[in-house]
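Worksheet: one structure, shown below.
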Amino acid sequence: MIVAKLTTANIHDTKAVLELSKKLTGKWYGDKGYISKKLSASLKDKGVDSIITVCRNMKAKEMLLWDRAMLPRRFTIEIINEQLKNIS
């Protein structure tokens, strides 16, 4: 399942993820802006694995090879979303 939500610039992205996670199952891929113990714990309680890149100064997390390969694919999705936003 794919879920999406558009928010204004003054809303932090983690708040939108918490709302969207009500409908999520499986895995959720995020960037460094989503590093939050509260968010990870909330998603884990709902049965969603959060796969997030770590900052350079952080200890690397163990992750499946598939998850490591899928994480950079987020960039492609962000580019498509940006193009859709600009043409509408």
Side-chain angles (χ1 to χ4, degrees):
M1 172 190 297
I2 296 175
V3 293
K5 180 174 181 141
L6 297 176
T7 60
T8 57
N10 63 341
I11 303 294
H12 197 275
D13 294 342
T14 56
K15 289 185 180 183
V17 171
L18 288 172
E19 290 177 34
L20 293 172
S21 67
K22 296 173 188 173
K23 300 176 183 177
L24 288 178
T25 59
K27 296 183 181 189
W28 175 79
Y29 295 88
D31 62 14
K32 297 171 190 172
Y34 295 99
I35 296 174
S36 163
K37 289 182 181 180
K38 179 183 174 185
L39 178 62
S40 294
S42 175
L43 290 172
K44 187 167 271 312
D45 289 344
K46 296 175 183 180
V48 178
D49 292 329
S50 57
I51 312 298
I52 302 174
T53 55
V54 293
C55 297
R56 277 187 227 128
N57 62 350
M58 295 175 66
K59 185 178 177 182
K61 282 183 7 180
E62 258 188 56
M63 84 174 54
L64 298 172
L65 186 58
W66 174 259
D67 293 336
R68 189 171 303 279
M70 293 306 294
L71 204 49
R73 303 299 185 260
R74 287 185 57 263
F75 183 69
T76 305
I77 295 168
E78 288 183 16
I79 289 173
I80 292 169
N81 286 340
E82 183 69 25
Q83 290 175 353
L84 289 172
K85 183 178 78 171
N86 289 334
I87 63 171
S88 45

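When hydrophobic residues (I, L, V, M, F, W, Y) are linked wherever their side-chain heavy atoms come within less than 4.5 Å, L64 remains an isolated member.
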Expected list for residues 42-52: side-chain donor-acceptor pairs under 3.5 angstrom, two or more places apart:
residue	atom	partner	partner atom	Å
K46	NZ	S21	OG	3.0

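Here T8 pairs with N10 under the side-chain hydrogen bond (donor to acceptor under 3.5 Å, both in side chains) rule; sequence neighbours left out. For K15, the side-chain hydrogen bond (donor to acceptor under 3.5 Å, both in side chains) test picks out no residue, with sequence neighbours left out. For L65, there are no side chain to side chain contact (heavy atoms under 4.5 Å, CB included) partners at least two apart in sequence or on another chain.
With rounding to the nearest 0.5 angstrom, the CZ atom of F75 is 11.0 Å from the CD1 atom of I80.
Grouping the Ile, Leu, Val, Met, Phe, Trp and Tyr side chains by contacts below 4.5 angstrom, directly or via other members, places L84 apart from I79.
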